[in-house]
Amino acid sequence: MSTSDHSAAPASFSVSVTDVELEADDLDPGQIVSGEPVVTGKVLWESADGKQVRGIWQITPGVVTDVEANELFVVVSGRATVEVEGGETLEVGPGSACVLREGDRTTWTVHETLRKAYHISY
């Protein structure tokens with residue numbers, strides 16, 4: 001059994017991903033391909049060095065592009081198609097667990113308002 005120093009770790013907590021009140025988040029107009037998508041989110045925890053972030057993110061229908069960080073996310077509600085340039089096309093919906101690699105160039109076609117819980121490593 002190993003020991004770890006919990007003094008620097010955040011307190012353990014639980015939230016209802018579907019009920020957390022989200023805040024407006026910026027979406028660069030240059031990322032919008034079509035529609036009028038709106039992004040909201042809530043950071044639940046961030047490491048002191050800013051290299052890890054955990055939170056909840058939501059986007060309304062539309063098509064947007066992005067350059068990804070190392071991310072694991074689980075879709076709570078909604079549906080989208082995520083096209084990874086030079087790679088797979090991911091169909092995601094409630095219960096989907098997805099991994100995106102840092103530097104992946106993606107196009108998100110959001111069919112139904114999508115909410116996800118995520119962990120990002122920079």
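In this chain, numbering begins with 1 at the start of the sequence shown.
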Joint hydrophobic cluster, Y118 plus L90, side-chain heavy atoms closer than 4.5 Å:
yes

Minimum side-chain heavy-atom gap T89-T81 below 4.5 Å:
yes

Worked verdict on T107 versus E83 for side-chain hydrogen bond (donor to acceptor under 3.5 Å, both in side chains):
CA-CA 5 Å; T107 300; E83 296 175 58; 5.6 Å; no

Testing the basics here: between G50 and Y122, what is the closest heavy-atom pair and its distance to 0.1 Å?
O-CD1, 3.6 Å

Enumerate donor-acceptor pairs with a distance under 3.5 Å from any side-chain N or O in residues 92-100 to protein atoms, sequence neighbours excluded.
| residue | atom | partner | partner atom | Å |
| --- | --- | --- | --- | --- |
| S96 | OG | G93 | N | 3.0 |
| S96 | OG | G93 | O | 3.0 |

What distance do E112 atom CD and T60 atom OG1 have between them, rounded to the nearest 0.5 Å?
12.5 Å

Do the side chains of E23 and K42 get close enough for a salt bridge, i.e. N-O under 4.0 angstrom?
yes

Transitive ILVMFWY side-chain link F13 to V74, under 4.5 Å:
no

Applying side-chain contact (heavy atoms from CB on, under 4.5 Å) to V17 and not counting sequence neighbours gives I56, V76, R115, A117

Using the rule that two of Ile, Leu, Val, Met, Phe, Trp, Tyr join whenever any of their side-chain heavy atoms come within less than 4.5 Å, decide whether I59 and V20 are in one cluster.
no

Shared hydrophobic cluster, V110 / I32 (ILVMFWY, side-chain heavy atoms < 4.5 Å)
yes

Do D104 side-chain atoms and T106 backbone N/O form a donor-acceptor pair below 3.5 Å?
no

What pair of heavy atoms forms the shortest contact from K51 to D49, and how long is it?
N-OD1, 2.9 Å

Which pair of non-hydrogen atoms, one from W108 and one from A80, has the smallest distance, and what is that distance?
CE3-CB, 4.4 Å

Rounded to the nearest 0.5 Å, what separates atom CD in Q58 from atom OG in S77?
6.5 Å

same_hphob_cluster(V39, L114) at 4.5 Å side-chain heavy-atom cutoff
yes

Under the side-chain hydrogen bond (donor to acceptor under 3.5 Å, both in side chains) rule, what do E71 and H119 come out as? Steps first, then yes or no, please.
CA-CA 6 Å; E71 179 178 4; H119 175 94; over 6 Å; no

Side chain T40, main chain A24, donor-acceptor under 3.5 Å:
no

Heavy atoms of P37 and L27 approach each other most closely as O-CD2, 3.8 Å

Working for side-chain contact (heavy atoms from CB on, under 4.5 Å), residues L44 and V15:
CA-CA 9 Å; L44 300 174; V15 298; 3.9 Å; yes

Taking all atoms of both residues into account, what is the closest heavy-atom pair of T65 and G30, and its distance?
OG1-O, 4.5 Å

Distance in Å, D66 CG paired with E68 CD, rounded so as to fall on 0.5 Å steps
4.5 Å

Is K116 close enough and on-axis enough to F73, meaning under 6.0 Å and within 45°, for cation-pi?
yes

